[in-house]
There are 2 protein chains.
Amino acid sequence: MARAATTADAFNAVAEPQRRRILDALTGGERSVTALAEELELTQPQVSKHLRVLRDVGAVDVREDGRHRLYRLNAEALRPIHDWVRRYERFWSERFARLDSVIEDLKRQDHRDE
Amino acid sequence: MARAATTADAFNAVAEPQRRRILDALTGGERSVTALAEELELTQPQVSKHLRVLRDVGAVDVREDGRHRLYRLNAEALRPIHDWVRRYERFWSERFARLDSVIEDLKRQDHRDE
DNA sequence: TTGACATATTCCCATATCGGCATACGATGA
DNA sequence: TCATCGTATGCCGATATGGGAATATGTCAA
């Protein structure tokens, strides 16, 4: 045993800037490998490899179309990231800060009522 | 040139499961290195190193306290992640799907008005 | 069938990364 | 001052990673 489990999960997939760019591009709809390569100025193997990782974590789906393979976003796979990071929202959001103080007030009131 | 810019950014910092655990623990308030090590069942150097990465991306702050160093969460640094992944919310959320269709309706109405 | 096109895979290289262990460093208390 | 505690860092070994180039695989069109 020598290296941490890199567990090919969504967090890891998305840690790579190029892969984020690919996902961003796919928000515009299906794309072929070549189309992505041109749009993002990457080589074809580069794109294929990154798509492979994204596929493995379920962030994209593929569809055959003649000699093309059309890749499509599957945002569901990003949900765990959203869910995780959302828990930190309260620590920077003014809105949540105000909500917290309201809750504190209610607690204090509860105590007084007892 | 041979490896991608691993650019020590928030995305990378958070790709490591242990580092996420550390951040999660810090939502409970300040912690010393040893306290984190015990709570998460990690070795002290392991914790120190991960905290180093988290510090470098600004996700935690340190405060000296005698021979202890108290680490505190700085969630602001996670905001870019939140902002990025939030853009994908529309692709899985029913709520956003409905909103999208409302917008489509409005667009169609606009065309009719012209 | 053959040739061009689209994509995936493989091999290689350079480097980053994580954990383990030992150790260095700074602060405290006796 | 010295021993101890708390923490950071350095080194090592094993492995993962990303890009580049070449190549394999598959598909369509003539």
Side-chain angles (χ1 to χ4, degrees), chain A residues 1-23 25-26 29-73, chain B residues 1-23 25-26 29-73:
Chain A
M1 161 193 22
R3 207 207 175 164
T6 299
T7 45
D9 61 2
F11 285 93
N12 248 287
V14 150
E16 231 291 322
Q18 307 290 20
R19 285 197 285 266
R20 285 202 298 279
R21 293 183 61 214
I22 291 178
L23 292 176
L26 290 179
E30 280 187 336
R31 293 277 191 286
S32 72
V33 176
T34 312
L36 283 171
E38 277 183 27
E39 186 173 342
L40 306 177
E41 295 191 284
L42 297 173
T43 68
Q44 174 265 312
Q46 234 174 340
V47 174
S48 280
K49 286 175 188 170
H50 284 311
L51 284 171
R52 174 68 161 155
V53 175
L54 292 172
R55 255 195 81 172
D56 286 346
V57 304
V60 299
D61 289 330
V62 211
R63 179 169 77 84
E64 315 258 347
D65 174 45
R67 43 185 153 181
H68 294 250
R69 280 159 138 328
L70 297 179
Y71 282 82
R72 180 166 16 103
L73 180 64
Chain B
M1 161 192 21
R3 205 201 178 170
T6 300
T7 45
D9 62 1
F11 285 93
N12 248 287
V14 149
E16 232 289 323
Q18 307 290 20
R19 286 197 284 266
R20 286 201 298 279
R21 293 182 58 212
I22 290 178
L23 291 176
L26 290 178
E30 279 187 337
R31 293 277 191 287
S32 73
V33 177
T34 312
L36 283 170
E38 277 184 28
E39 185 172 342
L40 306 177
E41 294 191 284
L42 298 173
T43 67
Q44 174 265 312
Q46 231 175 335
V47 174
S48 279
K49 286 175 189 171
H50 284 312
L51 284 171
R52 173 69 160 154
V53 175
L54 292 172
R55 255 195 79 171
D56 286 346
V57 304
V60 299
D61 289 330
V62 210
R63 179 168 77 84
E64 314 259 347
D65 175 44
R67 44 184 152 183
H68 294 250
R69 280 162 148 281
L70 298 178
Y71 282 83
R72 178 166 17 102
L73 180 66

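A, B, ... follow the sequence lines: proteins, then strands. Residue 1 opens every chain.
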Under 3.5 Å: donor-acceptor pair, side chain of A:Arg55, backbone of A:Val62: no
Can you check whether any acceptor in the base of C:dA8 is under 3.5 Å from a donor in the side chain of A:Gln44, or vice versa? yes
Counting only side-chain heavy atoms from C-beta out, which of D:dA21, C:dA6, C:dG19 sits nearest to A:Thr34? C:dA6
The residue, B:Lys49 or A:Lys49, whose nearest nucleotide of DNA chain C is more 5′ is A:Lys49
Figure out the CD/C1' separation between A:Glu30 and C:dT7, and round it to whole Å. 16 Å
When rounded to whole Å, the CG to P distance for the pair B:Leu70 and D:dA8 reads 11 Å
So, do A:Arg19 and A:Leu54 sit near enough that their side-chain heavy atoms are less than 4.5 Å apart? yes
Any side-chain N or O of A:Arg19 below 4.0 angstrom from OP1/OP2 of D:dG18? yes
Ignoring backbone atoms, establish whether A:His68 has a side-chain N or O less than 4.0 Å from OP1 or OP2 of D:dG26. no
Calculate the interatomic distance between A:Arg63 atom CZ and C:dA6 atom P; express it in whole Å. 16 Å
Summary of protein contacts for nucleotides 25-30 of chain C, nucleotide by nucleotide, where a base hit scores B, a sugar-phosphate-only hit scores S (4.0 Å, heavy atoms): --BB--
Whole-Å distance, B:Leu42 CG to D:dT7 C1', equals 15 Å
Phosphate oxygens OP1/OP2 of C:dA6: is one of them under 4.0 Å from a side-chain N or O of A:Tyr71? no
Atom-pair distance (NE2 on B:His50; P on D:dA8), nearest Å: 13 Å
Phosphate-side-chain proximity, A:Arg52 and C:dA8, N/O vs OP1/OP2 below 4.0 Å: no
Separation of atom CD1 in B:Ile22 from atom C1' in C:dC18, rounded to whole Å: 13 Å
Do any N or O atoms from the side chain of B:Arg31 and from the backbone of B:Gly29 form a donor-acceptor pair under 3.5 angstrom? yes
For a quick check of understanding: with a heavy-atom distance under 4.0 Å over all strands, which category does B:Arg55 fall into, base, sugar-phosphate or nothing? nothing
Of all the choices, D:dG18, D:dA21, D:dC11, which nucleotide is nearest to the side chain of A:Glu16 once you look at every atom? D:dG18
Find out whether B:Leu26 and B:Leu36 are in side-chain contact, i.e. whether some heavy atom of one side chain is under 4.5 Å from a heavy atom of the other. yes
Taking only side-chain N and O atoms of B:Gln46, does any of them lie within less than 4.0 angstrom of OP1 or OP2 on C:dG19? yes
So, the side chain of B:Arg20 versus the backbone of B:Val14: is there a donor-acceptor pair under 3.5 Å, distance only? yes
With a 4.5 Å cut-off on side-chain heavy atoms, are B:Val47 and B:Thr34 touching? no
